[in-house]
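Side-chain atoms are counted along with the backbone in the values below, which use heavy atoms only and exclude waters and symmetry mates.
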Amino acid sequence: MSDKRVRVRFAPSPTGPLHMGGVRTALYNYLFAKKHGGDFLLRIEDTDQGRFVPGAEEYILEALRWCGIEPNEGVGYGGPHAPYRQSERKPMYRQYAEELVAKGWAYYAFDSSEELDHIRKQAELAKMPNWQYNSISRNTMKNSLTLPADEVAQRISNGEAYVIRFKMPRNEEVRFHDIIRGWVVFNTNELDDKVLFKSDGMPTYHLANIVDDHTMEITHVIRGEEWLPSAPLHVMMYKAFEWEAPQFAHLPLILKPDGNGKLSKRDGDRLGFPVFPLNWSDPTTGEQSSGYRERGYFPKAFVNMLLLLGWAPSNNQEIFTEQEMIEAFTIERIGKSGSKFDPEKTKWFNQQYLRAKSNEELADLILPLAQEKGWNVTKEYAAGVCALMKERAIFIQDLLDGPFLFEAPKEFDRDAVSKKWKPSESAALMAEWSERLSSIQDFKSDVIEQAFKDFITEKSLGMGAVMPLFRLCLTGVLTGPASSEVAALIGREESQSRINSAISKLG
């Protein structure tokens with residue numbers, strides 16, 4: 001690590017919703033900056049105006065806020081290197097492209113898109129399907145390397161459309177050290193002459209990315225594996241500008257749960273889980289995509305899951321506070337190979353975070369949901385509900401899966417009734433048990449449970465013959481928390497009322 005202040009950036013394009021892989025990239029940048037007392041920037045790379053999607057930038061900002069991955073500089077936050085939206089930095093890029101031309105590292109190319117399409121088709125017919133504009137083919141093309149200087153000047157003066165391409169040298173070795181992957185080596189013969197500046201006056205991703213990283217003093221570029229093929233060009237551009245290159249770290253892919261390949265929205269749709277942090281509505285097609293927030297996930301559980309999707313701690317710890325994440329995180333412990341996403345493990349993380357909350361905290365979260373259903377209860381009562389339900393719950397809404405904790409059952413499970421309820425016998429037994437409840441002074445679950453055991457012992461009956469009847473009367477179903485716990489929560493009067501009502505309805 002150099003003595004420079006660490007500065008990293010997350011630089012998404014506003015072309016749609018932020019994928020969970022993008023959130024993970026932002027998280028790793030954020031943790032790295034925090035660990036080293038550095039800066040974490042948010043830059044919006046919107047040079048490709050044709051792919052711009054309305055609402056996407058706002059979505060990115062909201063998603064990062066929900067996850068608690070807050071930049072300290074960038075779009076929506078300001079800072080000394082503003083503006084941080086590339087479209088607003090447009091005037092500055094041309095001078096850098098022209099600088100490369102002046103240094104002999106770039107050139108003007110006047111070939112139209114129609115001419116390039118024709119050449120590619122001809123190459124395909126000649127069994128050369130991988131034609132590239134490169135160190136060999138550029139010598140036969142219409143550019144400032146093949147045309148006389150006065151003709152080039154005249155074409156530009158006449159307003160003829162042109163692009164500026166990087167002049168990739170022939171047969172040179174490009175080597176750079178990736179913090180995750182070690183030494184990476186490319187030969188320039190494998191690389192084409194990428195367009196740096198487009199005919200519409202906008203820079204391409206490659207030029208804008210390099211210029212912005214340099215002018216914003218970025219020290220470490222932590223980005224997805226899909227950018228690894230672009231890295232040798234970027235290394236060569238730093239060399240051409242005579243700038244110090246940042247350190248690179250290319251993150252492994254997040255893979256689909258079944259089979260190989262990158263996790264996509266289609267995989268989520270097919271297998272029933274979100275791949276986006278928040279709900280997204282496509283403004284052009286109207287297509288709806290679900291998000292983790294709206295599915296009921298805690299943001300910290302979502303982030304904790306992402307942390308371990310590619311990075312491994314030095315011990316077997318799985319649940320991390322943010323401070324523990326910051327202290328434990330190192331780029332060197334990020335794996336090289338892709339990580340399979342496990343939707344069930346993601347639910348497990350949410351369950352752990354739910355269980356870690358106090359009953360009072362959970363009560364605050366379920367009270368509005370209960371009120372929406374018409375159940376008006378006190379916070380104390382809601383906390384009691386949470387105490388009974390939280391070991392069975394994965395999401396907050398699961399805490400309301402026992403409607404019988406809020407209102408008497410309106411109907412009874414038919415299968416349970418047919419199997420367990422014997423009209424005259426069961427009714428008489430439950431009537432007697434209801435009467436017995438009146439004699440319990442300390443109406444707590446353990447006292448109720450002991451009284452029930454005494455009751456069935458007196459009757460010489462087994463627990464399995466009588467307990468289902470009690471549960472059925474209280475809840476209408478045979479599953480859920482212990483009957484004694486339900487009775488203690490709803491109280492003596494309500495318990496007796498429900499038993500008497502069940503006797504009346506079931507006979």
Side-chain angles (χ1 to χ4, degrees), residues 6-13 15 18-32 41 43 45 47-48 51 86 130 132-135 165-166 168-169 171-196 203-214 216 218-241 243-256 260-264 306 309-312 329-341:
V6 165
R7 287 176 60 81
V8 295
R9 48 59 167 188
F10 178 53
S13 297
T15 55
L18 182 61
H19 188 277
M20 59 194 286
V23 180
R24 187 191 64 171
T25 298
L27 172 65
Y28 287 178
N29 276 278
Y30 172 82
L31 294 176
F32 185 76
L41 288 66
R43 187 170 74 224
E45 300 198 336
T47 55
D48 191 345
R51 296 179 63 217
Q86 283 186 339
N130 299 318
Q132 289 185 318
Y133 205 126
N134 58 20
S135 59
R165 289 181 178 272
F166 188 75
M168 189 62 69
N171 200 29
E172 282 190 20
E173 192 178 75
V174 184
R175 292 169 56 86
F176 66 93
H177 187 265
D178 186 288
I179 305 173
I180 297 171
R181 297 162 194 280
W183 284 101
V184 179
V185 182
F186 284 83
N187 189 286
T188 56
N189 288 349
E190 303 167 17
L191 308 172
D192 61 340
D193 289 3
K194 286 279 191 264
V195 173
L196 302 181
T204 62
Y205 162 81
H206 301 292
L207 178 65
N209 179 276
I210 295 304
V211 168
D212 287 346
D213 281 349
H214 173 72
M216 293 180 184
I218 299 303
T219 59
H220 297 76
V221 172
I222 306 169
R223 60 187 179 186
E225 180 181 293
E226 61 270 25
W227 295 113
L228 188 57
S230 301
L233 167 62
H234 297 170
V235 170
M236 291 300 293
M237 290 176 68
Y238 277 106
K239 178 181 177 181
F241 278 120
W243 295 338
E244 181 184 351
Q247 293 187 57
F248 291 98
H250 289 89
L251 306 175
L253 296 174
I254 297 177
L255 306 175
K256 59 183 69 178
N260 299 316
K262 184 179 178 181
L263 177 68
S264 71
L306 286 178
L309 205 56
W311 174 85
F329 183 79
T330 62
I331 295 179
E332 287 79 6
R333 295 199 66 86
I334 297 172
K336 296 177 185 178
S337 56
S339 297
K340 280 187 183 292
F341 173 67

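- To the nearest 0.5 Å, the span separating CG on Asp212 from CZ on Arg9 amounts to 9.0 Å.
- By the 30° and 60° cut-offs, the orientation of the rings of Phe186 relative to Phe176 is parallel.
- For the atom pair CD of Glu173 and CG of Asn187, the computed distance is 7.5 Å after rounding to the nearest 0.5 Å.
- Put simply, the side chain of Leu233 reaches to within 4.5 Å of the side chain of Met168, judged on heavy atoms.
- Side-chain contact between Gln132 and Glu190 is absent, with no heavy atoms from C-beta onward closer than 4.5 Å.
- Here Asp178 contributes atom CG and Gln247 contributes atom CD; the two are 10.0 Å apart, rounded to the nearest 0.5 Å.
- Between the side chain of Thr204 and the main chain of Val195, a donor-acceptor pair closer than 3.5 Å is present.
- Residues Val184 and Phe248 form no side-chain contact, since every pair of their non-hydrogen atoms from C-beta on lies 4.5 Å or further apart.
- Checking side-chain atoms of Arg165 against main-chain N and O of Asp193 turns up a donor-acceptor pair under 3.5 Å.
- Every side-chain hydrogen bond (donor to acceptor under 3.5 Å, both in side chains) that Arg181 has, sequence neighbours left out, goes to Glu225.
- For the side chain to side chain contact (heavy atoms under 4.5 Å, CB included) with His234, the qualifying choice from Val221, Val174, Asn209 is Asn209, the only one to do so.
- Counting only distance, with no hydrogens or angles, the side chain of Thr188 and the backbone of Asn171 share a donor-acceptor pair below 3.5 Å.
- Met236 is listed as a side-chain neighbour of Pro169, based on a closest heavy-atom distance under 4.5 Å.
- Minimum interatomic distance between Leu196 and His206 (heavy atoms only, all atoms of both residues): CD2-CB, 4.3 Å.
- Classification of the Trp227-Tyr205 ring pair by plane angle, with boundaries at 30° and 60°, yields parallel.
- What you find for His250 and Gly224 is that their closest heavy atoms are CD2-O, 3.6 Å.
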- Message: Could you go through His214 and Phe241, starting from their C-alpha distance and side-chain angles, then the distance that decides it, and tell me whether this counts as ring-ring contact (aromatic ring centres under 6.0 Å, His included)?
- Response: CA-CA 10 Å; His214 173 72; Phe241 278 120; 7.8 Å; no
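- The distance from the CG atom of Asn29 to the CD1 atom of Ile222 is 4.5 Å, given to the nearest 0.5 Å.
- The side-chain heavy atoms of Leu253 and Glu226, taken from C-beta on, include a pair separated by under 4.5 Å.
- Under the 4.5 Å side-chain criterion, counting only non-hydrogen atoms from C-beta, Met237 is in contact with Leu207.
- When every heavy atom of Tyr28 is checked against every heavy atom of Leu306, the shortest pair comes out as OH-O, 3.5 Å.
- For the pair Pro232/Leu191, a side-chain contact is recorded, criterion being any heavy-atom separation below 4.5 Å from C-beta on.
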Quiz: residues 330-339 side-chain donor-acceptor pairs under 3.5 angstrom, not counting sequence neighbours:
residue, atom, partner, partner atom, Å
Arg333, NE, Ala312, O, 2.7
Arg333, NH2, Pro313, O, 3.1
Ser339, OG, Gly310, N, 3.3

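- In terms of heavy-atom proximity, Phe341 sits nearest to Met20 at CE1-CE, 3.4 Å.
- In Lys262, the NZ atom is not crowded: 12 or fewer heavy atoms of neighbouring residues, nucleotides or ligands sit closer than 6.0 Å.
- Considering CG of Leu27 and CG of Leu251, their distance stands at 10.0 Å, rounded to 0.5 Å.
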- Message: Using the rule given for side-chain contact (heavy atoms from CB on, under 4.5 Å), can you reason through Ile179 versus Phe32, listing the C-alpha separation, both sets of side-chain angles and the distance that settles it, and then say yes or no?
- Response: CA-CA 13 Å; Ile179 305 173; Phe32 185 76; 5.7 Å; no
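- Not counting sequence neighbours, the partners of Arg43 by the side-chain hydrogen bond (donor to acceptor under 3.5 Å, both in side chains) test are Glu45, Asp213.
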